[in-house]
Structures are given as C-alpha cells and as structure tokens.
Amino acid sequence: MTTARPVLDLRGVTRTLPSGDSPLTILHAVDLVIQPGEFVAILGPSGSGKSTLLGIMAGLDRPSAGEVYLDGEPLHSLSEDALALVRRRKLGFVFQSFQLLPNLTAKENVLLPIELSGVRDPGARATALLAAVGLGARGHHYPVQLSGGEQQRVALARAFASEPPLLLADEPTGNLDSTNGTAVMTLLEELRARHGTTFVLVTHDPALAARAERQIHLRDGRVERDELRASRPGLRSA
Amino acid sequence: MTFGLLLRQIVRDLRGQGARLVFFLVCLGTGVGAVVAVAGFSRGLENGIRDRARQLLAADAAISSLRKLTPTLENTVAGLPKDVEVARTFELVTMITAGSSTAAAGEAMLVELKALEGRYPFYGTITLAPERPLTELLTKDTAVVAPEVLSRLGLRVGEDLAIGGERFRIAATIAAEPDRIGGTFTLGPRIFVTKEGLDRTSLESFGSRVVRKTLFKLPPAGTREDLERLVATLKAASNGVLEYRIETYAESQANLRDGIARVDKYLGLVALLSLLVGGVGIAQTVRAWLAGRLDSLAVLACLGFRPREVLALFLSETLLLALAGSLAGAAFGTAVLGVLPLFLGDLVPAGWVSAWQPAGVLRGVLLGLALAAVFSLPTLLAAGRVPPARVLRRDTEPLPLSRLSISVVLTLLFAGVFGTALVQARSALLALQFTLALLAVALLLAGVAALLLNGLARIPRERLSYRLRHPLAALAHPGSGTLGSIVALGIGVLVVLTLALVERSLSSQLRSDLPKDAPTLFLIDVQPDQWAGAEKELRAAGATRIDSVPVVMARLKALDGQPVEKLAEGAKENKQWTLTREQRLTYVDKLADDNEIVAGQALGAHGATAKTLFVKPDVAELSLERDFAKDLGAKVGSVLTFDVQGVPLDLTVTSIRAVNWKTFGINFFFVVEPGVLEDAPQTRLAAARVPPEREDALRSALARSFPNVTLVPVREVLEKIAALLGRLGGAVRFLGGFTVLAGVVILAGAVGATSSRRGREVALLKTIGLSRASVSGIFAAEYALVGLVAAGIAIVSAVTLSHAIAVEVFDLPPAGTAGPVLVAALSTVFVAVAAGLLASLGALRRRPIEALRSE
Ligand SMILES: Nc1ncnc2c1ncn2[C@@H]1O[C@H](COP(=O)(O)OP(=O)(O)OP(=O)(O)O)[C@@H](O)[C@H]1O
Ligand SMILES: [Mg+2]
C-alpha cells in the first residue's frame, strides 16, 4: 500500500500484571501498525486496556512480551534514558487530568519541551503556541489560576511545542463539560492538521471517535475490530 | 539537558515553595549554627591563647619547679649572655590577716601569694589602682592585692595586713594581671609581694608548697633559634630531671590547650547531634516535597527528561538549598559566638574569642552540605524511579527501593554519621562509639514510638469525644510523619535532660552534706613543734574528730632500679606529672578504716595496724595506694627509691590499699612503716570538724599564733568547684538546647509538610460546622500527644542513661530527678503544641474553598 515506515508497529504486545496466584493479562498479543499522518481512535469499555496500550506505545510502560517500534526505534529494548530521548524528540502527550507542572506558569509549561529540544528562541515559539490556543494573555498564570478547559488548552500547546511526529491523547476531554470538550477537540484537530501530526486518541466516547479516520475497538485486552472510516487525507498518500 | 536549562528549571521549581524552603533552611541551619559556634569557639580560644602566649607565660621561656634550681642550673642561668633578662616568681597558698591597727584586726583569709624578683612581667602589664607602675609601688614592705582581699577583710589601700606574721602595707589593688585566666580554679585571691618581702616571712622555709618559676626574656632582636638555643642549654643543665619543666611561650599552657581540645571534641559531638537531628528534618522535608511532586516527576519523564536528569535537577536543588541553609546556619552560629560570653561569665576573658571564625564556618558549612546530601539522597534516588505511567494511572506508586539500594543507603547513612563524627571528634574510636550509640538511641526511640503509636491506634475511638478521637486518629494515620518528629524531638529532649541530670548529680554530690564525720577543714604546713599549740586552738574552737599525721615530702626516683624519668618517657603529661611531682609520705600506727588492703600483707583488712601491716624485719616497708600503683606499674615486692630531701631511701611495697576518698578523711598514696621517717624534715597535716560559726574565729586565732599554718575550708572549696561546674554545665546545656530546637523545627516541619492535608482537614471540619477555635483545640491536642509521647520516651531514657553515667563513670549516687523531669515533660508538650499550631496557622487561616480547590 505504502512504502513509508510506520510510525508505530506493535507485534504481539502482551502485558501481564502479577495479581495473587495467577498473573492477570491486560493485553493479549496485540498486533497493530499505524502509518504516518493517520488519526486513530482507540475505543473500548472501561478496563479494556486502552490506557495500558497507550502507555506502551509511548514507552512509558514496557510490554511483558512482544515488540514495539516507534518510528523504527525498538521501544521494548531501549534503556530508560533512551526512551526519555525518544519521547523528547518524537512524542507529544495530552492527558485527561491535564498534568501541567503546578510550579510553572502556563508559558513555562509550554517552554519546557521547546528548551529541552534545543530550539533557538523558544520564547517566541511558546508565545505563538499559546496565542494559537487562545491564551496569549494568560502566559504568566499558574495552573491553579486557570479553569479546566484553559489548562487543557495549555496542555495542547505544550504537546505540540516540540513538533513531535506522534501525538498521544488519553481521554483529553474526559474532565471537561461538553462545550469545553468540543472546543478542545476542535483545536486539537486544527493543530494536528497544521503540523501534520500522527494522532492516536484514546476514548470511550463514540462521538469523539467518529472524528477519526480509523477506529480500533479493544475488548478485554484484545483488538476486537479495526476499521477504516473516512477517506485518507492528502498527507497519508504523499 | 543544558546547564542553563537546569538552572532555569531549578529556579522555577523552588519558586512558591516558601514555607517548605524555610523549614529546610532552619532544620539545617540550626545544626550548622551549633557546629560553627563550637568549632569557632574552641578555635578562637586557641588563637586567643596563641596570640597571648608570651603574656600568659609573661616571658619567652621559663623553668618551673617546686624545688630550688640545682647548682648546675643556677650556674647556667648566671652564665647566660648579659642581654637575656631573668626574673623569678614564687607562688604559694597561704593565710593572711588584717593588720592590728585596722578595723578587722586579726581576721584571716586564704590567698594565692606571688612573690616577684626582677622585672616581672616581661610581657603584658599588671594594671594597678591607683594607676602607677608596679616597680614603684611594690617594695619589700608593701603588697598589692586583688580587690576581693579588701572587701573580704574590710581593708583600704594604705592599711596593713600580715603575711606569715610580718606586716605589709597595701600599696594598691590589682586591676588586671597578664598571666591569670579567669574561671580557672583558685583557692583564693591574688597578692603580690617582692621576693625580699617573702624572705621577711619564713613561709618558704616552713616546708610550704612553693611553685618557683625562673623567667627568661630574650633581647628584642632575639630569634626563634636563640630561644631554642636557650632552652637547649637549660635542658642540658637540668640533666633531664623532669621536675624542672622548661618550656617556651609557644608550648606553654599545654594543659589549657588539652582542655580546649577535649571540650572541642565533646561539645563538637553535642553540636553534631543537633545537625543530625536536623538531618531527620531534611529527610522528611525532601520526602514530603517529592511526595507532592510525583505527578510532576511523571510529567517530566513524559516530556523526555532522563532519570539522571531528574536526579540531577533535584540533587542540585537540594544542594543549593543546603548551601543556603548552611550559610544561614553559619551566620547564626557566628551570632551565637557573639552572645556566648554572656553564658560563660568570666570563664573566658572578654575579647578573646572573636565571633568571626572562618575555619569554624568552613567546617560547619561542609558538614551541613555533606549531611544534607546523605539525608536526602535516599529519597532523591527513589525519585528517579517514579514510573512515568503515573500520568495515566494515579495509583502507580514509585517502585520500592531494591534491597541492594536500601543497603547502599544504610551504608551511606552510617558512613555519613561516622564521617562527620570523625571530623568533630578526631578519634575513630570516639566517632564509632558516638555513631553506634546514636544508632541505638534512634532505633530505640523509633521502636518505642512505633509501639506507642500502634497502641494509640488501637484505642477504641468510637466512644471518645471528637475532640480526642480526631487527634488520636491523626497520630495513628500512616504516613503522618509523626514518627520522625517524635524521634527527633525525643533525641533533643534526651540529650538536654541527660546533660542536666548528670550535671545535677555531680554538683549535688559536691554540695551535698559531707559525710557526718567528714572533716570540715584541714590545716596544712603545721610544724611539728606547733602541733600541740594548734591542737589546743582547735579544741578551744570546739573541734571534734581531730586527726593529724606527719607529712614528709620526697621525690620518687626509681621503681625497681628504673629511673622514674625512664618510666615517664612517652607517657601523657598528666602521668608524667603524677610520677615526677613532689610526693607526700606519711607513717602511722593505724590506718583509717576507709583503707582496705587489696593485695599483700594483711589482705582484706580494713584499717590495719602498723603491727599487722609491716612485718618484715629486714626491709623498710611501704603500703601503696591501688590507683597510684597501677599508674606506676608497681606490685607487691616492688622497690621504690625515694629522695627524701637529699637522702636516698629504698622502700619495699608489701601491701596495696584501696582508699575510699569520698570520706574526705586524711589519706595518702604512700604509708611508710613507722621508725623510718621520724628524723626526716616534716610537717603535720591535720583535719577536724569545727562548727561553721566558729571557723572564722579559729582562722584568726591560728593566724595570730601560727602565721605559717594554712587553713583550708573544705566546704568553701567544694562550693567553688561546684560553681565552676555549674557555669560549664550551663554552656553545655546551652549547646544541647540546639538539639531540642532542631527537634521542634522538625515537628513544625512535619506539620507544615502535611499542610495541604491539614488544609483539607480544616476545610472539612469547618464545613461540618466547627469553629476555628475548636479546630485549633483539636490540633493542639494532637501536638500535645506528640510532645507527650516524645517526652515520655526521652525522659525514661534520659533518667536511665544519666543514672548509668553518674554511677558508672563518675561513681556518684544518682540525684533526684523529679524537678528536671517535670520541667522537661511540661516544656516539651508546650513547645510541641506551640510549634504545631504555628505550623498549621496557614491551614487554619485559609478559606475552606481554597483548600478544596487546590485538591
Ligand atoms: N498498575 C495496575 N495494577 C493493577 N491493575 C491494573 C494496573 N494497570 C492496569 N490495571 C488493570 O488493567 C485493566 C486495564 O486498565 P486500563 O487503565 O488500561 O483500562 P482503560 O481501558 O484505560 O479503562 P478506562 O476507560 O476506565 O480508563 C483494568 O482492569 C485495570 O484495573
Ligand atoms: Mg484509561
């Protein structure tokens, strides 16, 4: 279909947890390939293993068995240090609980990944990103001084700050009311389109998932269904 | 991560940590302050002595001895180059009386007399009032006296006093004396006369103990080499006889310096203790700090910080804080040095110790940094292991430290404590003892506290009023940080209370009523032909239990043919002195009952008679005191050779005695078989019990009839020692107070660390309708419980420990403890409540909504 290297390539990823006598298996030999530019939603009921899978894709967690390649990097065999460097260069995150650093102002939160990647004039870029999420005037505020929706918008700006090829989001609207949720989601799609970012969205909300081109349904730690829905955007075929 | 980013991130991170930063700084600063104060004090005192070494000796070099110089030495001194100046001083303790024409005629007192010959002092000056030169005022008929002499005898300058029965006119009072250090123990105030004046009296010839010093001053151009050459010449002339102590100003005051080194050692450890107690606070603060930041740590990991970068970030932050805390502590310690003289009184001459002591500051700051690293590293290492997946699941706890890293951490902690103790004590053994003892105490405190908390947790709370239920629950709540506070506060209270109790039993022993039949005074230097008259005066003053023995002064020359100089070689200065000083020998028909024979003839006898003790017809026998025998290395059968004022005498040890010195009776190291010493030059030593109200009259009567006889009042001497001890003890307790301070800070820190929990608690309590006062009451009860538990454990341990020290180390009966214990308990509880409430003030004041929002 395409010769491009997949952004994510999961082969037989299994995750077990010790629990009592017999280990508990949360993921059962999941195989999954995600190509550059795709917008993938991972769906499933609570406890089906969505967050666990996302953690493994991000190298935040290690599979008990199987292999994970992120842009060609074998995450399953990298050291903690190497994983950190991969995240630094290739990944952006958005979480349900925002996860801004409370000691840092909004702007400093956005600045941090830019500084870490060694870009010149990080200040200008942070300002531009904050403006893009509509918070240009709130940069000096601390997270506690912002509303939930505002915090999540700062988190979006931070996620795109280092221009990562892959963006992972876990229930990004889960803590927001529907108006705010829709606004954040729209913003997220805009930014993703502008930056050409591959996007994996975890949600149990079918309405949100409907915005994606591809839906992967998880149940009890297995891929139940993997369906393509809309036409491919241009980026994919480029 | 670039260095710039690291720095920026540190600054951003520390911002808004206000209260926690302050706690960290205070925890560390308290201990560093104590270390700096002690190190600076001893260093300052040492410097003070070094800077004034010439003044303290009043010369460049000196020969000190109890005997007159040997003819060889005398010739050598006479043959020294003309430009080497020589002066002499003669010091003795004697009685003086107010002159017959004065209001207080005949009243007597004990003084330390110093007779001067030549241009004394070579360095420093004796300041007099009226302010005139000593040479002008002091003639063979005058004396200058310490002001105390005037006030005690009701005399004025210009009036007369009698020394050894001779009249001296008081020419001036002494305002300052160069070679007398305040706070050292003295039997009486100082009086100066000339040597000619002393010669008018016959004191010197009555066998009094006279300390003779020959002082030397090089010409102004004299070099270090000249001084060394002079000393070498003198040493050669002294023929290696140790009783002639020849020293330069640079090596003088050895005892004083030894004393300072010892004080530096032990007080240094007490100071270190407060630093270590502060370390508990540091560990707690860092732990609480990181606990509140686990989410942030996970986020940093998601953003691509490597574990070691996270460690570097937090370690740098900690060290930066540690540096700030240590510097603040150094400033604090320097300030303490500034006010320390207030606590020391005249123990240390004013102006000797300057507050700015760079060496002490350096030591404090380095120890502070080292301990901050040691105490925070375990927690920081755990921070590097926070799983980043925490951003996805809140309950993902940091990995428990592996067994390996736990043992690494424990080793580090042990090494840290031992290493810092080594720096302070400069003795591996002492440092090890300190470390092990501290470890044992901390474990004990923690163990008992854990048991108690566990017990408190089990108290059925349902039936209690919420006022008690809540504090109990708060204490029992796991992770409340209470255990650390209790251990820290407990160690502080334990240290101070133990110091106070030991000091108390020491001084109460000194002040306690002497044994019923103990003498209240001694008469020394009684000439044999004076004894009958002196005894009559004693009886006239209502004396009971009069006892007197002959005293023969002699010098130990050899043990079993080994010259005593050989034995003393390489021994500690103290022991050298024990062996080479002038010894007092006696002979009696019957030993006092407090003498028990522990080896040799008449084994096991208490108060043996000469008949049963000395049975060998062919040798002159000697009964030796046990401790002296041990020091000397003599056994039954050893032969001791004495020089009895020029006549050699061999004595064979046929028994060894244990003496109970606490009876204050007359006792001797050397008791010689009767029939050996009768013809030797001798004096008598007498002891008696005299009613206190008749002591002054007796003193005056004796001074009139026997001016050379010195009366030493036992009670007064013991009082003086107790007072000196009290002042030293005050200084030590002052330092020990730092450990309590550190403990209090830690309690406050632990309370402050849980302030967000506190805040939510307050918010909830207020929401259900409690007033701020009732919430404060509930909190106060909680902190009172913490204080009570800490005080309880500390008091039990301190009483046990101080009893052990009193009985085992000082051989004292334990003193009453009720007073200090009560004070300790009440003040601990008070301080705990005050610190706890103060630390919760923020939480109490905040509006409930703020606390709930920051959740
Ligand atoms: N650290 C853990 N310890 C114990 N169980 C875990 C852990 N992590 C995940 N699980 C279990 O694994 C299963 C999958 O968890 P996961 O968080 O991936 O579900 P999810 O699909 O994200 O659910 P939700 O929609 O509720 O967020 C759940 O049953 C969960 O309880
Ligand atoms: Mg989830």
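- Salt bridge present: A/R88 and B/E309 bring a charged side-chain N and a carboxylate O closer than 4.0 Å.
- Both the backbone and the side chain of A/D81 come within less than 4.5 Å of a heavy atom of chain B.
- Contact detail for A/F95 and B/C302: the closest heavy-atom pair is CZ-SG, 3.9 Å.
- Contact count versus chain B (heavy atoms, under 4.5 Å) is highest, among A/D170, A/L104, A/D61, A/V202, for A/L104.
- Using a 4.5 Å cut-off on side-chain heavy atoms (C-beta onward), B/L303 and A/R87 make no contact.
- Using a 4.5 Å cut-off between heavy atoms, A/L91 makes no contact with chain B at all.
- In this structure the side chain of B/V299 never reaches within 4.5 angstrom of the side chain of A/L100, judged on heavy atoms.
- Within the 4.5 angstrom heavy-atom criterion, only side-chain atoms of A/L111, from C-beta onward, approach chain B.
- No part of A/R89 comes within reach of chain B, as not one of its non-hydrogen atoms sits under 4.5 angstrom from that chain.
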